[in-house]
Every structure is written in C-alpha cells, then in structure tokens.
Amino acid sequence: MNALIGGSAIKSYREGDKMLSEKIAEALNKQVNKEMYSAYLYMAMSAYSTYIGLKGFANWFMVQYQEEMVHAMKIYDYINDQGGQLKLAAIEQPATEFESPMDMFEKTLEHEKFITRSINELVDLAIAEKDHATNIFLQWYVTEQIEEEGNDNEIIAKLKLVGKDGNGLLMLDKELAARIFTLPATAEAGGA
Ligand SMILES: [Fe+2]
Ligand SMILES: [Fe+2]
C-alpha cells in the first residue's frame with residue numbers, strides 16, 4: 001500500500017532515522033497534553049478572575065496561559081525535529097469556579113508541583129534510555145519549573161499578608177496587571 005494513502009502501512013518519512021524511542025515519544029506526547037491542560041487551567045482561572053472583577057489576576061493568568069502554550073509547542077517542535085510522531089489526545093476539562101484568589105494560586109502551585117514531578121520522571125526516562133538529546137532538551141523545563149513554583153509561592157505569600165483586606169487585594173491586582181508575556185529566547189530561536 002502506498003504509504004501516503006493510509007492504513008497501518010503509514011510510516012514516517014524518516015523511518016530508519018528516528019531519534020526517539022517509542023517510550024520517549026509516548027512520554028513526550030503525554031507532556032504536550034499536560035502543558036496544554038496547564039494552559040487550559042490558567043485560561044479558566046483568567047476567565048474566573050475577570051468574572052469576579054479582578055482584571056490584574058485575569059492578566060496574570062492569561063500570561064501564564066501563553067507561557068504554557070509555548071511549553072507545549074516547544075515539545076511539539078522537538079518531537080517533530082527528532083522524527084517522532086505527534087499524537088494529540090483530549091484535553092481534560094478544568095474547573096470553572098474557584099473559591100478565592102488564594103484558592104486559584106494554591107491550585108496553581110499544586111498543579112505546578114505535579115508538572116515538576118512529571119518533568120523529573122521524563123529526565124529519569126531519558127537517562128535510562130541513554131537519550132542525551134532529550135535529556136538536554138528537558139533541562140530548560142527543569143529550570144522553568146523552579147521559576148514557576150517560585151512565582152506561585154511569592155504570590156501566595158502576598159495573598160496571606162493581604163488576608164481579608166480589600167485594599168491590599170486591589171493593590172495586588174494592580175501589581176499582577178503589569179505582567180507582560182515575553183517569548184522565551186530559546187522558543188524565538190526555533191526551539192531549545
Ligand atoms: Fe509548563
Ligand atoms: Fe507551568
């Protein structure tokens with residue numbers, strides 16, 4: 001059967017020149033899904049922030065959404081660059097309502113800790129499979145996760161200080177309104 005027509009005969013045009021093991025390709029595909037879910041989750045938090053009148057929080061979460069899309073696309077590009085096959089799966093539905101700004105940031109931190117564990121497991125797998133390229137590629141994510149958890153912890157600390165003080169919350173909202181999305185240098189250059 002002609003490979004371009006269909007069925008199980010379809011093979012990568014780089015068959016025989018695949019840089020990724022099946023195991024690594026599968027794990028990276030799952031990570032694309034997790035990053036897409038992260039984007040979706042923060043989009044939901046942005047929408048909810050707008051709904052309750054906190055435009056600065058909405059901005060912060062929308063910038064976070066954009067960052068997560070970059071995380072997903074960097075892995076997407078990497079799988080393609082290495083001759084692997086992209087397999088997109090359904091993205092889980094995020095919550096639509098949250099109890100408070102603190103609730104959103106606690107859930108954000110909890111989710112980022114889950115992502116950090118996932119990245120660490122990917123690094124473990126790359127080392128076990130002796131896949132040096134993937135190991136190096138993942139280092140960017142290891143560093144990124146330190147920054148993300150740090151940011152979340154910082155905002156949680158501020159929210160604790162603010163407590164039930166409405167003025168404090170509005171001041172924090174103003175601060176979060178100033179966050180600007182910047183494309184990471186490695187993504188601009190077309191991947192890590
Ligand atoms: Fe991410
Ligand atoms: Fe993240």
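Read the numbers this way: they start at 1 and go in the same order the structure lists the ligands and their atoms. Both backbone and side-chain heavy atoms feed into the values below; hydrogens, waters and symmetry mates do not.
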Stepwise ring pair (Phe, Tyr, Trp, His ring centres under 6.0 Å) check, Y78 with W140:
CA-CA 13 Å; Y78 180 76; W140 185 88; over 10 Å; no
Angle, OE2 of E112 through the Fe ion (ligand 2) to OE1 of E148 - 10° precision
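If I round to 10°, I get 90°.
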Measure from the Fe ion (ligand 1) to each N, O or S atom of E144 and report whether any distance is below 2.8 Å.
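No, outside the cut-off.
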For Q31 and E35: C-alpha separation, side-chain torsions, deciding distance, then whether side chain to side chain donor-acceptor pair (under 3.5 Å) applies.
CA-CA 6 Å; Q31 193 62 35; E35 301 292 347; 3.0 Å; yes
OE1 (E35) to the Fe ion (ligand 1) to ND1 (H71): angle, nearest 10 degrees?
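Rounding to the nearest 10 degrees gives 110°.
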Salt bridge between E175 and K158, side-chain N to carboxylate O under 4.0 Å?
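Result for this pair is yes, salt bridge flagged.
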In E68, which N, O or S atom comes closest to the Fe ion (ligand 2)?
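Looking at E68, the N, O or S atom with the least distance to the Fe ion (ligand 2) is OE2.
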Hey, is CE on M62 packed in by over 12 heavy atoms from elsewhere, all under 6.0 Å?
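Atom CE in M62 is crowded, with more than 12 foreign heavy atoms closer than 6.0 Å.
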